[in-house]
Structures are given as C-alpha cells and as structure tokens.
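Below is one structure; the comments refer to it alone.
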Amino acid sequence: MKSVFEENLNPEQLEAVKHIDGPLSVIAGAGSGKTRVITYRVAYLIDQGIKPNRILGLTFTNKAAGEMRQRASSLLGRPLPPPLMRTFHSFGVRVLRNEIQHLGYTKRFVIYDEDDSVRAIKEAIKSLKLEKGPFSPKEARVAISREKNEVGLDRSLPLRKSSHLTLLRAISESYHSILKRNNAVDFDDLILLPLRLFEDYPRVLRSYQKRYRYVLVDEYQDTNAPQYRLVKMLCRGHKNICVVGDPDQSIYRWRGSDIRNILNFEKDFPGARKIVLEQNYRSTTLILDAANSLIRNNSQRSTKNLRSLLGEGEKVHLFIAEDYEIEADFVVSTIQKLVQKQKLKYRDIAVFYRTHAQSRIIEEYLLAEKVPYAVVGGVSFYRRKEIKDIVAYLRIIASPSDLISLLRIINVPSRKIGKVTLDKLAAASLKKRLTMYEMAKEADSLTKVSPSTRKTLKSFVQMMDEFREKAKSTPTDELTKEIIARIGYYEMLKKSFPEDAEDRIDNLRELIDTMTSFLEDNPDAGLDDFLERISLISDVDTWEDEKNLVSLMTVHNSKGLEFDAVVIVGLEEGIFPHINSLDDHDKLEEERRLCYVGATRAKRFLYLTAAESRLRHGEYQANEESRFISELLDDRCD
DNA sequence: TTTTAGGGCTTTTTT
DNA sequence: AGCCCTAAAA
C-alpha cells in the first residue's frame, strides 16, 4: 500500500523527504512544492520516531513558520510544539533569553528596531561631541549594520577615506556601549550575539547542538554570513542539515544575504546530496515561459528550467499607459473584469510594485471604484507614532534602563520637560553613573533644575514604578488601557491631531485587541512576551489572507505567496529596474531576480503595466519601457 | 524654558 | 507623514 508520502509527492520530492541523515540541499524552483517538501519532511522525520523537539526549522517570516508547522501537524494528525519552526530572529531571541547573562545583559533586554537604532546612534554622535559628521545618523546606521552583517566576509566598508572609517568605528563603539547600557539589542544582534555566545562558550553551543539533531533552513538563498555561520556551528557535529532554496529568487543581497551560501553548500558540506525540483505546480505554461525567458538573461545562475503541467493558459498581458493615472485606471478595471468574467475573488488578485510610494495612486483608484483592498507593509502598524509611544511606556515598565524609549515619551504628553532639562539630567546621570531613569528618581539632587520640574520628574518616575508593580498582576491589555487613561493620551491626540485623532485612537484600540487575542492564544504570556512578539513581527505576518481583499504589496513582500492573478505595475527603466541599480551589473541581476519572483507568483493571469510618464518629486518624468518587458514577453504577449 | 508654526527633506527593497 | 531646524510666542 502506498503511504501518504508516496501518494502526494513526485520522485524528486520524495527523495528529499526521505533523506534523513547527512547534509542535503534542495534547489526548489518557484512553485515546485518547496513548502510541501519541508512540511512532509518534518512529518516524515517524526513518523520515523524522531522527537519533534529535536528538529529545528528556520524561516524568515513568522507567517511561513506558522504555516509550515500547521501543515506538518495536520499531516501527522496531532499538534506540534511551536519551537519546531521559527524565524532566525526568534531563534536568536530564544537563545539570548536563556544565555545573554554571559554577555553582560539581563534577561529582560529590549529589541530596538531601525528607528530606535537611529535614535541611539544620534545619542552616540552626541556623546562623542561630533558636529555634523560626513554622514547622517541614518547613513551611519546602514554602514554599521552592513558591517555587522558581513562578519566573516572579507569585504571592506564602502568608504573611501580612512578618516571616515575611523569615525565610523568610533560611532559604532559608542552606539554599542549605549545599547549595552540600555540593556538593548538591535536586529542584527539577534543573530550576532548568539553567534558570539556559541563561539566563546562551547558549553552553550554543545547544549544546543545536542538538543537540535535535525536542522532545516528555508529560503536558504537569503541567509547572510552570520546566519550561515550560526547554522554551520549548530550542525558541526551531526551534519544533519537540510537547506531549501532557489538562487534565482535571491533578492536580499543588499541586506547581506550571500548567494554563495547556496552555491557553495557542497563545498562546505562534502558529500552533500543535491536534489533539484524543476516541476512547477503553480503557473500555466505561458506564464512560466515568460519567467524562464526573463531569468535566462542573468549570467549568475545555476541552470534550471521550470516545467509546467497545467496547460498553456492565458497569454501574459501587457499594457503601456500614457501616464500613471491611466495605468492605475487600467489596474482597477482589470481587477473588476477578472472578478466579473473570470469569477475570481478579490483575494485571488494581487498588485505588485517596486517601491511603496507607488501604492498611493492605485489605492486612490481602488477606493474610488469601491474595490476592497489591503496594503501589505508601507508605514507598518508598529512603526506609527501613537503605537510606538505607548509601546515605549510598556518598554520602560519592562526595562527602566531603556533610554531611547524614555527620551521618546518623557515629554509625551507634554510635562514641560524640554531639551534644557533633559540636558541637565543627562549630564548629572553621566557624572553619577546612573541611568537617566535612576537620575530622574533622585531629581532632588539636581540643583540646577527648578523645584517644580524636579517634582514633575519624580512624579513621572513614581508613576512608572507604580505601573511596573501593577504589571506583575495585571494582564497587558488592561495595563495598557490604564496607562492610556492615566497619561491622557487620547486627549493629547485630539488636541495635537484634530484631523486624524480618531484614526490614531482606532489604531491604539487595535493594539489592545491584539494584546487580548495574544493573551487568549498564550495564557501564560506576560508583558515581555508581548513586547518580544511585536518586535519580531514583519509586514507579511500581519497580512490576513482569509479576508476577501485585493492585495497590494512590494515585489519583495510577495516572496513565498501565490495568487490566481498578478499585476506588476511600473515596469519602467528607473523604476523597475530601480534607478540605483542601472549602472551595476550585479544589482541589475538582482532586480531581474526580483521581477522573476513577482512573475512566478501568478497562477493563471499575469499582467504587466508601465506608464510613459510619471509624476516624480512634483515633476512629470518620461520613462523608457523596462528592459524586463521584452525579456519576459519576446512576442508572447497580447 | 517650553511650545508652536513653518519650511525643507525624505524612501529602494526589510527580518 | 513625520522629523529636523529655526525663530518667535507663551
């Protein structure tokens, strides 16, 4: 009798699933059943008697991790523990929560996002007493992050003057000492600090090596050097590593991901088995032909050609609009046509663009025609001012040494604590070697600050201490409501933002709802757990595919998804490929891979659009048709 | 000393 | 839309 594995997998997939011990790489073309292989393989391992908690699957988004765990558990007919599949970053957090004391932080560390990091770098620059440097705090953050993500690579920083390099080193050092003082880590640290732990504390490494006997890495083409090193260290003893990826879908090189990781796998793991999946189960032939003919123009790739069994299907449609408004109008009428004539649901349709800025005009036209839609990403929920403000309160409650959060809200709503007072407070805290929070608690010793301001500082600290006490016995959603009421945040919003205060209040209500449902799913979760959760959430994670809405997103965000109909807009030289990539061969190939990712999301209908003229920075600008159009179509279009 | 208003600038992609 | 900077009001 055939098992569920033989029944549902083709020979190559089955081979990958049944490979148990030793290194294995699976080159999985777009739509070739990559997720299926991973979930069946996990189920197979467990079926063979391997305990679920000995398996570690690493992905890039929580959504992918959750989906794979769910599918594996429904295959097995029993629930699986959450740690089985997780993101690189949440794995890093888990390691740090257990071991970070070795590195001089405490368990309740906070995770800084990019905005927080930029603020911390500003503080760093300030403490070095630098006037306007050769780069902005934002640029410094990018350079520092880049350096951190290239640990182990011999690429040097892209700076010409060595004086800049020295300066950057100084800023970096100061930034990291601020992070440590604040008991904070940035995104990069979530990988780098576990790596350092593993390198410097062999006992710690051994305990993780012993625990995870089977390691699986999804989207392997997008791992960067530190992530790769982390994985290699974990598998050093048993070499039971399975990586799944597709070099043609590598689109995060700019973030340090290294295509060589997947191309060199066999060198790093001698004797590795390699399986190539070329059978595509997603798209019709004409769509796949277009994608294949596009990607053939890249010189850096492992030769592989996807085959479809789904029949020829519809031709790829091309529409060149005179301007971007006509393009938007075409997108909307196409969506309506697909819904009426092809009986597609809104949720089966997606619009992809190269940059977020392109979404606005599409949204306008969708809104006007009452087509329901959802934008994935953009100004993401957790980066909105009102959300970040309230989260900053929660962070200080969890971790009083968090200076960046303190600076954010100590005067929000206004408590008449301005720049001058803060400077005095900072100077005094430096002198007494106290955190700013501790210094505010002892405001009485601040002789240079007026008595009334001293009182304000003390009562602020007292309030926060009260909240901290309360947090021990109050659920996070209740606590948040109390904070908002106590500080009069809604009233402040109404005063400061008369136009959109209601929207902002709604956002905060949504935040509280998120907490409530998080508590329902995780009854034992405390404030720390919630803060960790929202730090690691990505745009795609918040996308709700069960609602019947047209999806709008960047091509980057579309990775790993599929839709019956896909519209890729703005196929113009300078937009897609992006202007910053035009004069660099490698960057151009990455743009092409990005376009390939977008095109291969489509199951049955693929539309390409471009505008001959587009409003940019207040001026009309004429754009050439993207080279990708002819590479894709090659006379196969309508 | 703090707050407010106005002008300039920004975004390529993100865990 | 939000942030920084500056100058003037409160």
Side-chain angles (χ1 to χ4, degrees), chain A residues 58-65 86-93 111-115 117-119 122 132 136-139 141-142 145-146 149 186-191 218-219 222-224 226-227 250-257 352-360 376-380 382-386 388-389 408 411-424 448-450 452-453 456 495-497 499-500 503-504 535-541 553-559 570 574-582 587 590-591 593-595 597-598 616-618:
Chain A
L58 295 169
T59 67
F60 279 87
T61 66
N62 294 294
K63 192 178 169 64
R86 47 171 64 246
T87 64
F88 271 100
H89 291 83
S90 81
F91 174 71
V93 172
I111 302 163
Y112 280 176
D113 68 13
E114 259 162 56
D115 299 333
S117 286
V118 170
R119 284 165 191 249
K122 266 182 214 163
K132 276 244 187 310
S136 67
K138 257 189 194 168
E139 287 164 336
R141 194 207 66 81
V142 170
S145 170
R146 189 192 185 103
N149 281 313
D186 66 16
F187 273 136
D188 303 325
D189 289 337
L190 294 180
I191 310 297
D218 184 25
E219 306 282 12
D222 287 328
T223 51
N224 62 25
Q227 287 164 335
S250 163
I251 55 174
Y252 287 107
R253 246 174 53 119
W254 52 274
R255 210 173 64 196
S257 87
F352 302 157
Y353 33 77
R354 178 64 180 79
T355 67
H356 282 300
Q358 290 165 258
S359 78
R360 214 205 76 245
V376 179
V379 183
S380 86
Y382 290 101
R383 292 176 80 163
R384 287 176 201 183
K385 178 179 154 44
E386 59 276 17
K388 288 214 69 166
D389 283 350
R408 181 178 184 100
N411 200 33
V412 177
S414 167
R415 301 185 174 91
K416 300 201 189 305
I417 299 169
K419 190 177 175 308
V420 178
T421 307
L422 284 176
D423 283 346
K424 287 175 188 166
K448 287 178 189 157
V449 173
S450 75
S452 68
T453 309
T456 316
K495 222 176 111 198
S496 311
F497 306 96
E499 258 104 75
D500 62 350
D503 291 343
R504 290 167 190 266
S535 301
L536 296 181
I537 215 146
S538 74
D539 289 335
V540 180
D541 295 334
M553 65 186 84
T554 62
V555 195
H556 279 91
N557 270 328
S558 78
K559 193 177 77 168
I575 303 279
F576 197 4
H578 192 268
I579 185 133
N580 296 354
S581 311
L582 291 180
K587 284 184 183 168
E590 175 138 324
E591 294 285 308
R593 288 194 294 273
L594 185 59
C595 189
V597 167
R616 281 193 102 187
H617 309 301

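Numbers restart at 1 for each chain; the letters A, B, ... are given by sequence-line order, proteins then strands. The figures that follow rest on heavy atoms only: side chains count, while hydrogens, waters and symmetry mates do not.
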Between C:dG2 and A:R504, is there an OP1 or OP2 to side-chain N/O distance shorter than 4.0 Å?
-> yes
For A:K63, which contact category applies under a 4.0 Å heavy-atom criterion: base, sugar-phosphate, or nothing?
-> nothing
Look at the side-chain N and O atoms of A:T554 and state whether any lies under 4.0 Å from the OP1 or OP2 oxygen of B:dT14.
-> yes
Rounded to whole Å, CD1 of A:I111 lies from P of B:dT14 at a distance of 20 Å
Can you tell me if A:D186 uses its side chain to pair, donor with acceptor, with the backbone of A:D189 under 3.5 Å?
-> yes
Could you tell me whether A:E590 contacts a base, only the sugar-phosphate backbone, or nothing, with contacts defined as non-hydrogen atoms closer than 4.0 Å?
-> nothing
Please tell me which of A:D188 and A:E591 maps to the more 5' nucleotide of DNA chain B, matching each residue to the nucleotide holding its nearest heavy atom.
-> A:E591
Between A:N557 and B:dT14, does any side-chain N or O lie under 4.0 Å from OP1 or OP2?
-> yes
Integer-rounded Å distance: B:dT13 C1' and A:N149 CG = 15 Å
Between A:F91 (CZ) and B:dT15 (C1'), how many Å, whole number?
-> 16 Å
Would you mind telling me which of C:dC4, B:dT13, B:dT3 lies closest to the side-chain atoms of A:N411?
-> B:dT3
More than 12 non-hydrogen atoms from neighbouring residues, nucleotides or ligands closer than 6.0 Å to NZ on A:K424, yes or no?
-> yes
Dot-bracket for DNA chain B, 5' to 3', with Watson-Crick and G-U pairs under 3.5 Å, [ ] for crossing pairs and | for other-strand pairs: what is it?
-> ||||||||||.....
Which of the following nucleotides, C:dC3, B:dT2, B:dT3, is nearest to the side chain of A:R408?
-> C:dC3
Do the side-chain N and O atoms of A:Q358 and A:T355 include a donor-acceptor pair separated by under 3.5 angstrom?
-> yes
B:dT1 phosphate, OP1 or OP2, under 4.0 Å from A:K424 side-chain N/O = yes
Whole-Å distance, A:Y252 OH to B:dT15 C1', equals 8 Å
Within the stacking criterion (centroid distance below 5.5 Å, interplanar angle below 30°), does A:H578 stack on B:dT12?
-> yes
With a 6.0 Å cut-off on ring centres, are A:H89 and A:F60 close enough?
-> no
Nucleotide B:dT15, atom C1' - distance to CZ of A:R146 in whole Å = 17 Å
Just to confirm, is there a sub-4.0 Å distance from OP1 or OP2 of B:dT11 to any side-chain nitrogen or oxygen of A:K138?
-> yes
OP1 or OP2 of B:dT2 sitting under 4.0 Å from any side-chain N/O of A:T421?
-> yes
Respond yes when some side-chain nitrogen or oxygen of A:N62 is under 4.0 Å from OP1 or OP2 of B:dT15, and no when none is.
-> no
Atom-pair distance (CG on A:D222; P on B:dT13), nearest Å | 17 Å
Starting at the 5' end of DNA chain B and moving along, which residue's nearest nucleotide shows up first, A:H556 or A:K416?
-> A:K416
Check whether any side-chain N or O of A:R593 sits under 3.5 Å from a backbone N or O of A:S250 as a donor-acceptor pair, and report yes or no.
-> yes
So, the side chain of A:D113 versus the backbone of A:S535: is there a donor-acceptor pair under 3.5 Å, distance only?
-> no
In whole angstroms, the gap separating P of B:dT13 from CD of A:E219 amounts to 20 Å
Counting N and O atoms only, with roles assigned by atom type, does the side chain of A:R253 sit under 3.5 Å from a partner on the main chain of A:S257, one being a donor and the other an acceptor?
-> no
Answer yes or no: is there a side-chain heavy-atom contact under 4.5 Å between A:L536 and A:L190?
-> yes
Picking from B:dT2, B:dT15, B:dT13, the nucleotide nearest the side-chain atoms of A:R354 would be B:dT13
B:dT3, B:dT15, B:dT14: which one has an atom nearest the side-chain heavy atoms of A:F187?
-> B:dT15
Could you work out which one of C:dC4, B:dT15, B:dT2 sits closest to the side chain of A:V420?
-> B:dT2
Does the side-chain ring of A:W254 sit on the six-membered ring of the B:dT13 base, less than 5.5 Å centre to centre and under 30° in tilt?
-> yes
Without hydrogens or angle criteria, can the side chains of A:T456 and A:T453 be said to hold a donor-acceptor pair below 3.5 Å?
-> no
Just how far, in rounded Å, is P of B:dT15 from CZ of A:R86?
-> 17 Å
